[in-house]
Amino acid sequence: QVQLVESGGGLVQAGDSRRLSCAVSGRTTSTIVLGWFRQAPGKEREFVAVIRWSGDAYYVDYADSVRGRFTISRDTAKNMVYLQMNSLNSEDTAVYYCAAKPNRGSLRIGNAYDYWGQGTQVTVSS
């Protein structure tokens, strides 16, 4: 129903910035919730950021570990969602996944999302 394709990952130096992109296609709705999750080596998948349309504005939220450094945004006209990552450090090394679900609810829980991209690797070198 919804297809997601991430891009923009790669090898970066600590302190650098990187912008990830997620192309969204398929049967999307105005209430769709789009999130970013990541999974580091040896760790469980964790929530990173989320964005949704609240009726009159976009609502966004972040994991404490990335708050103030990462910014999630959306371009509906281009069917894209982005994750701007600043001040990257080795703890940010992970496979980053774009995820989507039809509407609001359990925004930080990965299992609540119905659709997932293939992931894009971000490696931060110290």
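Worth knowing before you read on, the calculation uses all heavy atoms, side chains too, and leaves out hydrogens, waters and symmetry mates.
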Margin query: Are M85 and V50 connected into the same hydrophobic cluster when the rule is that any two of I, L, V, M, F, W, Y join if their side-chain heavy atoms are below 4.5 Å apart?
Written below: no
Margin query: Main chain of P102, side chain of Y115: is a donor-acceptor contact present, judged purely on distance under 3.5 Å?
Written below: no
Notebook entry, point to check: Are L34 and W116 connected, step by step, through hydrophobic side chains (Ile, Leu, Val, Met, Phe, Trp, Tyr) whose heavy atoms are closer than 4.5 Å?
Noted result: no
Next item on the list: Return yes if some donor-acceptor pair links the side-chain N/O of S54 with the main-chain N/O of A57 below 3.5 Å, else return no.
Entry: yes
Notebook entry, point to check: Is there a side-chain contact between L88 and S17 (heavy atoms, below 4.5 Å)?
Noted result: no
Notebook entry, point to check: Of the non-hydrogen atoms in S21 and M80, which two are nearest, and what is the gap between them?
Noted result: CB-CE, 3.5 Å
Notebook entry, point to check: Can you check whether V66 reaches R38 side chain to side chain, under 4.5 Å on heavy atoms?
Noted result: yes
Check: Would a 4.5 Å heavy-atom cut-off, applied to side chains only, mark R52 and T31 as touching?
Finding: no
Next item on the list: Kindly indicate whether the side chain of C22, heavy atoms from C-beta on, has any atom under 4.5 Å from the side chain of V5.
Entry: no
Margin query: Is there a path of hydrophobic side-chain contacts, each under 4.5 Å between heavy atoms of I/L/V/M/F/W/Y residues, joining V95 to Y82?
Written below: no
Item checked: Path from L83 to V122 over hydrophobic side-chain contacts below 4.5 Å -> yes
Note to self: To the closest 0.5 Å, what do you measure between CH2 (W36) and OG1 (T120)?
What the structure shows: 7.5 Å
Check: Just checking, R67 and Y62: is the charged tip under 6.0 Å from the six-membered ring centre and within 45° of the axis?
Finding: no
Notebook entry, point to check: To the nearest 0.5 Å, how far apart are OG in S125 and CD in Q13?
Noted result: 4.5 Å
Item checked: Gap between atom SG of C98 and atom CG of L20 - 0.5 Å precision -> 9.5 Å
Note to self: Please report the interatomic distance CD1(I32) to CG(N103), rounded to the nearest 0.5 Å.
What the structure shows: 10.0 Å
Check: Nearest heavy-atom pair of S126 and S90: which atoms, and what distance?
Finding: OG-CB, 3.6 Å
Check: If we ignore angles and hydrogens, is there a donor and acceptor under 3.5 Å between the side chains of Q1 and R27?
Finding: no
Notebook entry, point to check: Could you walk me through whether V2 and V24 pass the side chain to side chain contact (heavy atoms under 4.5 Å, CB included) check?
Noted result: CA-CA 7 Å; V2 177; V24 185; 4.1 Å; yes
Next item on the list: Working to the nearest 0.5 Å, report the span between OH of Y113 and NZ of K101.
Entry: 5.5 Å
Check: Taking the six-membered ring for Trp, are the ring centroids of F37 and Y97 within less than 6.0 Å of each other?
Finding: no
Notebook entry, point to check: Is it true that a side-chain atom of R18 and a backbone atom of G8 form a donor plus acceptor pair closer than 3.5 Å?
Noted result: yes
Next item on the list: Could you tell me whether the side chain of V81 reaches within less than 4.5 Å of the side chain of I51, counting heavy atoms only?
Entry: yes
Note to self: Quick check: do R45 and N111 have side-chain heavy atoms less than 4.5 Å from each other?
What the structure shows: yes
Checklist line | Donor-acceptor contact present, side-chain T93 to main-chain V124, <3.5 Å | finding: yes
Next item on the list: Flag yes if more than 12 heavy atoms outside E44 fall under 6.0 Å of its CD atom; otherwise flag no.
Entry: no
Ignoring hydrogens and angles, write down the donor-acceptor pairs under 3.5 Å from the side chains of residues 68-79, residues two or more places apart or on other chains.
residue	atom	partner	partner atom	Å
R69	NH1	S87	O	3.1
R69	NH1	D92	OD2	2.8
R69	NH2	S65	O	2.9
R69	NH2	D92	OD1	3.0
D75	OD1	A77	N	3.3
D75	OD1	K78	N	3.2
T76	OG1	Y58	OH	2.8

Item checked: Verify same cluster id: F47, V60 (apolar side-chain graph, 4.5 Å) -> no
Notebook entry, point to check: Any donor and acceptor pair, going by atom type alone, linking the side chain of E46 with main-chain N or O of Q39 inside 3.5 Å?
Noted result: no
Checklist line | V33 vs W53, side chain to side chain contact (heavy atoms under 4.5 Å, CB included): CA-CA, chis, key distance, verdict | finding: CA-CA 8 Å; V33 178; W53 180 249; over 6 Å; no
